[in-house]
Amino acid sequence: MSIKTANLGFPRIGSHRELKFALESYWAGKSDATALLDTAKKLRADNWKLQQQKGIAIIPSNDFSLYDHVLDLAAMVGAIPAAHGWKSGPVDLDTYFAMARGSTGASHHGDCGHAHHGHGVPALEMTKWFDTNYHYMVPELRRDQPFTLTANKPLEAFLEAKALGIHTRPVILGPVTFLKLAKSTEAGFDTVELLDWLLPVYARVFAELRAAGADWVQVDEPCLVLDLSDRERAALSQTYRALGEVVPDLKIMLAGYFGDMGDNLPVALQLPVAGLHADLVRGPLQIEALRKKAPDGLVLSLGLIDGRNIWRADLDAILKRIVPVVAQFGEDRLQIAPSCSLLHVPIDLDLETGLDGELKTWLAFATQKLDELAVLGRGSIGAVEEIAAASRAIASRAASARVHDPRVQDRIGSIDAAMKGRKSAFARRKAIQDDKLQLPLFPTTTIGSFPQTPEVRKSRAAYAKGAISGADYETFLRGETESAIRWQEAIGLDVLVHGEFERNDMVQYFGEQLSGFAFTAHAWVQSYGSRYVRPPIIFGDVSRPKPMTVEWWRYAQSLTEKPVKGMLTGPVTILNWSFVRDDLSRADVSRQIALAIRDEVIDLEKAGAAMIQIDEAALREGLPLRKADWKVYLDWAVESFHLCSTGVADETQIHTHMCYSEFNQIIDAIAAMDADVISIETSRSKMELLDAFLSYKYPNEIGPGVYDIHSPRVPDVEEMTELLTLARERLADGQLWINPDCGLKTRKWEEVRPALVNMVSAARLLRSAATTRA
Ligand code: GLN
Ligand code: ZN
């Protein structure tokens, strides 16, 4: 048996983050466009050569992007907001980057996934690419949006590879997904309506590709795994019928990935395309539907290597799965591929010299996944040794005591109803907490972090390098914490935070102290543009060997009479920002993390913390792509929050924070979490987001953010008072807290100081206007 291997996309960033450094140097004016473009060209060439050398038969081109592939497409079809002043012809680099970052060059804020707008031309919005942690730039389309081919980027890529002697299959994002992901700048029209005007641009791209010698093109329509409207499904039919007619001899490999195509699969199977790629990792059952319903002649691309995770594949099991498929369709009609582009995994495991040998045998990054593909392509006879090695690794992982901890499993088994709810209902807890805490009306607080100044970063780096001792580092951090506490007291905040100076990152900090987590040195994946992240790897059962935050909390509280919040990251957020083991359900991994956090919550309470905040910044972003799957996810997400937060007495106030808004669709789940206080982001939407809380009659306390921390702007007292007035129209005074939208770590003290002083003044003004804590 030998099956053609195909790759759908390779990471662009370079194994040593070459693209990031080239971009940032260009943006800083330290190097010119030629230097940037040369780096990009070299990265593309290296990727092509690597894939060729690994023996991949079908190698993609145009999977590269300087910033983002959705932005590339918007630029290619001339969907450029008028403010950029673009008229016609190729979009120059500076316009392209202005669309990405705003024309003042203001950068994006990280954790919350929001673009912030500078003064000149604003950047496009940015949002999550399906359920990955990659963020794309949201194209803006008008009702009368003209489309035109500004430059044929897929063709350029195809020719560039051709010049190196490599025949590639160019990739392009499909028109339906592009339109669906775009945002309409006017109310009352659906961007998919623009299809008729967009298709001629694709037709031209395809015709030029064909003329240049391309035989196949990979068209990505990941929207195939979403809930689609009838209009969107009709748009798919229209698109592929039209393209098939205009450029009949360019074969289309239509790729639907990130899940099971489900009810869209019959639609996809009726499209007049030459090939269909299915994600058989996320949607393994699709293979049966494909076997029953694939029309004669359709080439099937089997996405069997996980493009979303870092685990070594069980090659033997995969081969066994495909034997009957090969028997049915024949080798010529099959391709074997990763489930999706490898964009979402790190590049090369070999760089991880710090990971232990055993763990490494369990992992495969993009480069190793190419090897896995090649082995699969050779089949069970052609690669006996490699397949046996993979099986040995799988067996060692399955049996490893590092992965399986009976104590953790026992604890999961003994979860009982009492661990899934607070002792008393909110009304009773509130009475007890109000009595104990004696907070003023409209209590003021912040979300946790204070500026991570260059000094803080420098000191952390020096400690990591061994240039300063642990004791010196600790002294430094204590100093920062102490001044933060003193300052918060001085300006009159009611509930203080220790400032999180000791934390490198809100997930990593905890992962490093929990069992079952591993960290890498070079395993970067693109989050957006030049911002990359190194997600932790959750490889085993999770437990907490010892308290993680208690000493920092104790120290901070020792400095003041005001309450200092304990500050933790929640289980769902830790899960959603990590690579998660694939041998246990995400729900169970989340429960394990929740129990570890529960221990920490209880220890904080024992140490005397009256308030403990458990951040669930990424809870909403973990929502499944299909509505039908939401309930199951929300159920275990809420259960996880209960597991971590209910080990405390009624008098202990549990806070949570979510750095977004749009709660309308999940307000039941938010209410079910039953946090005593929730702080959320609301300032930019002018409190509109509170409407969900109003119509639901959310009973617990809420701190709607009044200070947009994504912007360097310092809001004045009046502005915050106005926002609070809007909040008071929707919430009872006794429910309201006053705080910023999110943590302040990305801001400068020069911005934070006046903003928080103003926030406290706004609270005082409000208090003198109101009288009682209702
Ligand atoms: N406590 C964290 C902080 O203040 C929360 C960050 C977040 O929600 N992204 O930084
Ligand atoms: Zn936040």
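Read the numbers this way: they start at 1 and go in the same order the structure lists the ligands and their atoms.
The one candidate from Thr560, Leu493, Val564 that meets the side-chain contact (heavy atoms from CB on, under 4.5 Å) condition with Gln488 is Leu493.
Both the sub-6.0 Å distance and the 45° axial angle are not jointly satisfied by Arg534 relative to the ring of Phe519. Both cation-pi conditions hold for Arg478 and Tyr555: the charged atom is under 6.0 angstrom from the six-membered ring centre and inside a 45 degree cone around its axis.
Each of the atoms 1 (N) of ligand 1 lies under 4.0 Å from some heavy atom of Met567. Set against the non-hydrogen atoms of Gly448, the atoms of ligand 1 under 4.0 Å away are 4 (O). Close approach of ligand 1 to Lys745 is summarised as follows: ligand atoms under 4.0 Å from at least one heavy atom of the residue are 10 (O). Applying the 4.0 Å criterion to heavy atoms of His657 picks out, from ligand 1, the atoms 8 (O). The contact set between ligand 1 and Gly743, taken as ligand atoms under 4.0 Å from a residue heavy atom, comprises 3 (C), 4 (O), 10 (O). Each of the following atoms of ligand 1 lies closer than 4.0 Å to a heavy atom of Cys742: 7 (C), 8 (O), 9 (N). Atoms of ligand 1 lying under 4.0 Å from at least one heavy atom of Cys659, given by number and element, are 7 (C), 8 (O), 9 (N). Each of the atoms 1 (N), 4 (O) of ligand 1 lies under 4.0 Å from some heavy atom of Ile447.
Checking only distances, Trp577 never comes within under 3.5 Å of ligand 1, N or O to N or O. Annotation: Gln613 places no N or O atom under 3.5 Å from an N or O atom of ligand 1; distance criterion only. Checking only distances, Met506 never comes within under 3.5 Å of ligand 1, N or O to N or O.
By the 4.5 Å heavy-atom criterion applied to side chains, Trp487 and Trp749 are counted as neighbours. Side-chain contact between Tyr633 and Val572 is present, with heavy atoms from C-beta onward closer than 4.5 Å.
When all heavy atoms of Thr445 and Pro740 are compared, the closest pair comes out as O-CD, 3.4 Å.
In this structure, Trp129 and His69 have perpendicular ring planes: the angle between them is above 60°, well past the 30° mark. Ring pair Phe693/Phe663 is perpendicular by interplanar angle, where above 60° counts as perpendicular and below 30° as parallel.
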Which pairs would a plain distance check flag for residues 752-763, meaning a side-chain donor or acceptor within less than 3.5 Å of a matching protein atom at least two apart in sequence or in another chain?
from   : atom 1 : to     : atom 2 : distance (Å)
Asn758 : ND2    : Pro715 : O      : 2.9
Ser761 : OG     : Val757 : O      : 3.1

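Here Met658 has no heavy atoms under 4.0 Å from ligand 1, in either its backbone or its side chain. Contact annotation: for Ser449 versus ligand 1, heavy atoms closer than 4.0 Å belong to both the backbone and the side chain.
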